[in-house]
*Asks:* 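Here it is, the structure in full.
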Amino acid sequence: MSKFNNIRKFSYETGSYSGYWDTADVDYFVDSEEGSDLNDGDTPDKPFKTLSKVKSLGAEIWENGLVIMCWGQFTENLDINKAVKIIGAGGYNGRAVFQGAAGNYIKTSVANVDIQNIVTQNYSNTAFLGTTSYLNNCIL
């Protein structure tokens, strides 16, 4: 069984969990521990290593509605400029960890970004600037 299975899916419409994510509904998988940016990233058994790799695939990929599931610890800056879903699958108590340092940041500049199951640590700036961002099961 993949580490990307059995990730609870939160419904903002009902305000409760509504089953589990089906990996078929996920566009890209990222695993900082076992992934490689040389992989295809579109299956749980061939994940990318960084979220930056997904964004680098270009505007036709990095679009509204994109679902990215991530596992592990990440030390990269995140500038989220599309209404994507970032779903943490694990690494720390069922959440992906975004481990920052001086100068590192996570920021959104659009509405309807959906972030679930993440922990941020030591980021100098975490800003959700879009008019509406959705956060569930996150520790910021």
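All figures in this text were calculated on a predicted structure; none of them were measured in a lab. All values below were derived from every heavy atom in this structure, side-chain atoms included, with hydrogens, water molecules and symmetry-related copies excluded.
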*Asks:* Of all the heavy-atom pairs spanning Ile7 and Met69, show the shortest one and how long it is.
*Replies:*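 Minimum heavy-atom separation between Ile7 and Met69: CG1-SD, 4.0 Å.
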
*Asks:* Determine whether Asp27 and Ile61 make a side-chain contact, defined as any pair of heavy atoms from C-beta on separated by less than 4.5 Å.
*Replies:*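 A side-chain contact is absent here, since even the closest heavy-atom pair is not under 4.5 Å.
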
*Asks:* Quick one, Phe74 and Gln99 - any side-chain contact, counting heavy atoms below 4.5 Å?
*Replies:*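 Result no, sub-4.5 Å side-chain heavy-atom pair not found.
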
*Asks:* Testing Lys49, Lys3, Lys53, Lys46 one by one against Asp31 for a salt bridge (Lys or Arg N to Asp or Glu O under 4.0 Å), which residue passes?
*Replies:* Lys3

*Asks:* Scan side-chain atoms only and decide if Tyr12 and Asp114 contain a donor-acceptor pair under the 3.5 Å cut-off.
*Replies:*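 Yes, because at least one side-chain N or O of Tyr12 sits under 3.5 Å from a partner of the opposite role on Asp114.
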
*Asks:* Nearest 0.5 angstrom please: Asp37 CG to Leu51 CG, how far?
*Replies:* 9.5 Å

*Asks:* Could you tell me whether Phe48 and Tyr28 have their ring centroids closer than 6.0 angstrom?
*Replies:*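 Phe48 vs Tyr28: aromatic centres under 6.0 Å.
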
*Asks:* If we ignore angles and hydrogens, is there a donor and acceptor under 3.5 Å between the side chains of Tyr17 and Asn136?
*Replies:*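 Per modelled atom types, Tyr17 and Asn136 side chains form a pair under 3.5 Å.
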
*Asks:* Would you call Phe10 and Asn137 a side-chain contact if the rule is heavy atoms closer than 4.5 Å?
*Replies:*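 Counting from C-beta outward, Phe10 and Asn137 never come under 4.5 Å.
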
*Asks:* Over all heavy atoms of both residues, which pair between Val113 and Lys82 is shortest? Give the atoms and the distance, please.
*Replies:*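 Looking at all heavy atoms of both residues, the closest pair is CG2-O, 3.6 Å.
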
*Asks:* Kindly indicate whether the side chain of Trp71, heavy atoms from C-beta on, has any atom under 4.5 Å from the side chain of Arg95.
*Replies:* no

*Asks:* Just verifying a value: how many Å separate Leu135 CG and Thr108 OG1, rounded to the nearest 0.5 Å?
*Replies:*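 One gets 8.5 Å once the value is rounded to the nearest 0.5 Å.
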
*Asks:* Without swapping roles, check the side chain of Asp22 against the backbone of Ala24 for a donor-acceptor pair under 3.5 Å.
*Replies:* yes

*Asks:* From Phe29 CZ over to Glu34 CD, what is the distance, rounded to the nearest 0.5 angstrom?
*Replies:*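 Interatomic distance, Phe29 CZ to Glu34 CD, rounded to 0.5 Å: 14.5 Å.
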
*Asks:* Would Val110 and Val84 show up in the same hydrophobic cluster when neighbours are defined by side-chain heavy atoms closer than 4.5 Å?
*Replies:* yes

*Asks:* Tell me whether Asn117 contacts the main-chain N or O of Gly88 through its side chain, where contact means a donor paired with an acceptor under 3.5 Å.
*Replies:*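 Yes.
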
*Asks:* Within this structure, what is the OG-CD1 distance for the pair Ser133 and Ile80, rounded to the nearest 0.5 Å?
*Replies:*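 Interatomic distance, Ser133 OG to Ile80 CD1, rounded to 0.5 Å: 8.0 Å.
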
*Asks:* With the 4.5 Å side-chain cut-off for hydrophobic clustering, are Val119 and Tyr134 part of the same group?
*Replies:* no

*Asks:* CD1/Ile68 to CG/Leu66 distance, rounded to the nearest 0.5 angstrom?
*Replies:* 4.5 Å

*Asks:* Are Ser16 and Thr14 close enough that a side-chain donor and a side-chain acceptor fall under 3.5 Å?
*Replies:* yes

*Asks:* Using distance alone, with no hydrogens and no angle criterion, decide if Ser32 and Gln73 have a side-chain donor and acceptor under 3.5 Å apart.
*Replies:*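 No.
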
*Asks:* With a sphere of 6.0 Å drawn around NZ of Lys85, does it hold more than 12 non-hydrogen atoms of other residues, nucleotides or ligands?
*Replies:* no

*Asks:* Looking at Ala89 and Phe4, what are the two nearest heavy atoms and their distance?
*Replies:* CB-CD2, 3.9 Å

*Asks:* Assess the side chains of Ser109 and Asn81: does a donor N or O sit below 3.5 Å from an acceptor N or O?
*Replies:* no

*Asks:* Phe98 and Cys70: which non-hydrogen atoms are nearest, and at how many Å?
*Replies:* CZ-SG, 4.2 Å

*Asks:* At their closest point, which heavy atom of Val54 faces which heavy atom of Trp62, and how far apart are they?
*Replies:* CG1-CE3, 4.2 Å

*Asks:* Looking at every heavy atom in both Ala111 and Ala83, which two are closest together, and how far apart are they?
*Replies:*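 Shortest heavy-atom contact: O-CB, 3.4 Å.
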
*Asks:* Do Pro47 and Asn39 touch side chain to side chain, with heavy atoms closer than 4.5 Å?
*Replies:*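 Pro47 reaches Asn39 side chain to side chain.
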
*Asks:* Which distance, rounded to the nearest 0.5 Å, do you find between the OG1 of Thr23 and the CG of Asp42?
*Replies:*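 Here the interatomic distance stands at 11.0 Å.
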
